[in-house]
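Structure first, commentary second.
Both ligands and their constituent atoms are indexed starting at 1 by order of listing. All values derive from a computational prediction rather than experimental measurement.
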Amino acid sequence: GPDDMAASLTALLEGRPARDYSLVGAESRRAVEHGLADAEWFRPHVDPARLAALTERTNGRAVLDAALWFALLIGFGAAAVLSIGNWWAIPLFAAYGALYGGSADPRWHEFGHGTATRSERVNDAVYYVASFFLLRGPTLWRWSHYRHHSDTIVVGRDPEIQVPRPPTIRKFLLNYTHLLIVPKALARMARHAFGRIDAEARDFIPERELRKVVWEARAFLGILAAVVATSIAIGSVVPLLLVGLPTIYGAWLMVFFGVTQHLGLREDVLDHRANTRTVYMNPVFRFLYLNMNYHVEHHMFPAVPYYRLPALHAEIRDALPAPSPSTFRAYREIVGEMWRQRRDPSDELEGRTIPVVPPAMGQAIERAIAAPVAGGRFDLGAADDLAPGTMTGAVADGLPLVVARLASGAVCVVDGICTHGHAHLADGALVGDDIECPKHNGRFDLTTGAPCRKPVRVPLGVYDVSVTGGRITTTLARQNPPPAADPAAADRAAAADRAAADPAANPAVAEPARPPTGSHR
Ligand code: FES
């Protein structure tokens with residue numbers, strides 16, 4: 001309205017954002033009041049068996065990509081140092097810096113989601129190294145990224161909005177050097193190292209994780225201090241050119257790719273098709289950027305590993321806006337829209353059509369309604385229809401459930417809604433005896449309901465199950481204690497659940513009466 005426009009113009013003249021992008025201001029309250037926080041987002045329906053295949057992780061591809069990245073870093077770093085004194089040291093350092101301060105970002109992202117390899121340790125190791133390269137506190141940024149996925153480009157909620165409206169071209173260009181960002185990040189890290197965690201960070205990091213934030217800040221600053229000391233001791237800037245400074249002089253590559261994700265698109269919408277961009281890129285860019293150019297697909301299905309995003313794109317492209325045909329075209333769109341938003345921050349991009357979703361890909365996912373049967377039981381379907389290593393969603397007595405068959409053949413029935421952010425777990429992934437949430441990749445042990453990967457904290461309900469006469473049934477009797485109000489007690493309960501995870505001794509896990517036929521659902 002005219003008032004908004006006047007406020008925007010005043011803000012523009014005063015050189016400040018038209019809206020309050022902080023996480024602790026009026027916009028944050030407004031977002032919550034308008035139902036924009038932790039809301040349900042559109043995502044097209046994908047056949048469950050196909051989605052399970054797309055979600056499967058392998059070690060080979062990601063380990064090879066990570067090894068190649070490290071090899072390139074070492075190769076260019078060594079060549080640059082050996083070339084000092086010659087003009088070609090400059091492009092060699094530039095390439096090293098881009099791999100360090102630029103290509104670390106997609107590694108940080110993919111390994112941070114925990115989807116790149118099957119090994120948590122490998123995922124975490126690469127995540128920590130990349131976090132240091134980017135000077136991002138690993139725990140702080142993990143929680144920041146959970147929030148980014150919950151409330152993507154919601155003003156006052158998303159800590160990862162790159163360019164507030166109205167955009168300032170000068171600041172936008174300065175981002176490419178990180179000359180302003182790195183000193184700010186170091187100052188914040190120093191405050192955190194002294195235990196002074198800011199209100200923004202406290203808004204998305206749970207209290208129990210704050211000590212880790214402090215110690216990680218101390219560790220990262222300690223490493224940087226050691227590098228500075230080495231540089232001073234040997235009277236050479238080379239150690240700093242290899243560790244620390246590349247976060248500044250190599251950042252341009254991260255920003256070059258990163259702005260294509262959301263910039264110039266809508267704020268405050270609950271549909272990634274309206275606020276996120278997929279861009280077709282060449283194979284070299286896709287290696288450097290680890291397929292993050294399929295960004296709408298990633299936001300809709302964060303459980304799909306980066307190397308399966310092209311296949312996921314092929315699967316759901318009919319439900320998505322047309323991708324930008326090239327990086328150049330994406331930039332043309334972004335720069336044009338930023339130019340318009342300089343004068344009118346409320347301007348929105350025109351010509352981006354969100355297709356009408358084909359009926360087969362509509363969001364409404366039919367869950368089987370379990371029929372009540374004798375003895376207060378609910379029939380959850382034929383055991384033979386559920387192959388080992390698969391799951392399905394069901395609703396019994398109004399309660400959403402997941403019915404899963406482990407690789408061992410045992411059947412488990414657990415709550416169907418994630419205790420962290422209300423996502424439907426049947427749309428997630430089975431990983432061994434765990435179920436992974438499709439929203440933030442948190443995990444629960446299916447046999448005990450215990451949380452076993454961040455950010456989930458509260459156990460899932462696990463229900464009794466029996467397989468008789470080839471039918472899976474439950475009385476919906478909860479087998480594990482309901483969550484304790486006190487988080488420390490919840491921790492103890494989760495630990496106790498884990499200790500009792502022996503399927504033979506656990507009444508919540510039923511062995512099938514006869515062997516499964518292996519048919520997929
Ligand atoms: Fe966040 Fe499930 S909704 S992990």
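- Side chain of Arg457 to main chain of Pro451: no donor-acceptor pair is present (N/O by atom type, distance under 3.5 Å, no hydrogens or angles).
- Ring-plane geometry between His298 and His295 is classed as tilted, the angle between the planes lying from 30 to 60 degrees on a 0 to 90 degree scale.
- In this structure, Arg142 forms a cation-pi arrangement with Tyr127, its terminal cationic atom sitting closer than 6.0 Å to the ring centre and no more than 45° off the ring axis.
- Taking OH of Tyr463 as the start and CG of Asn480 as the end, the distance is 8.0 Å to the nearest 0.5 Å.
- The pair Glu297-Arg43 does not count as a salt bridge, with every side-chain nitrogen at least 4.0 angstrom from each carboxylate oxygen.
- Excluding waters, the protein N/O/S atoms found under 2.8 Å from atom 1 (Fe) of ligand 1 are His420 ND1, His440 ND1.
- One distance of note links CG of Asn275 with CH2 of Trp41; it measures 4.5 Å at 0.5 Å rounding.
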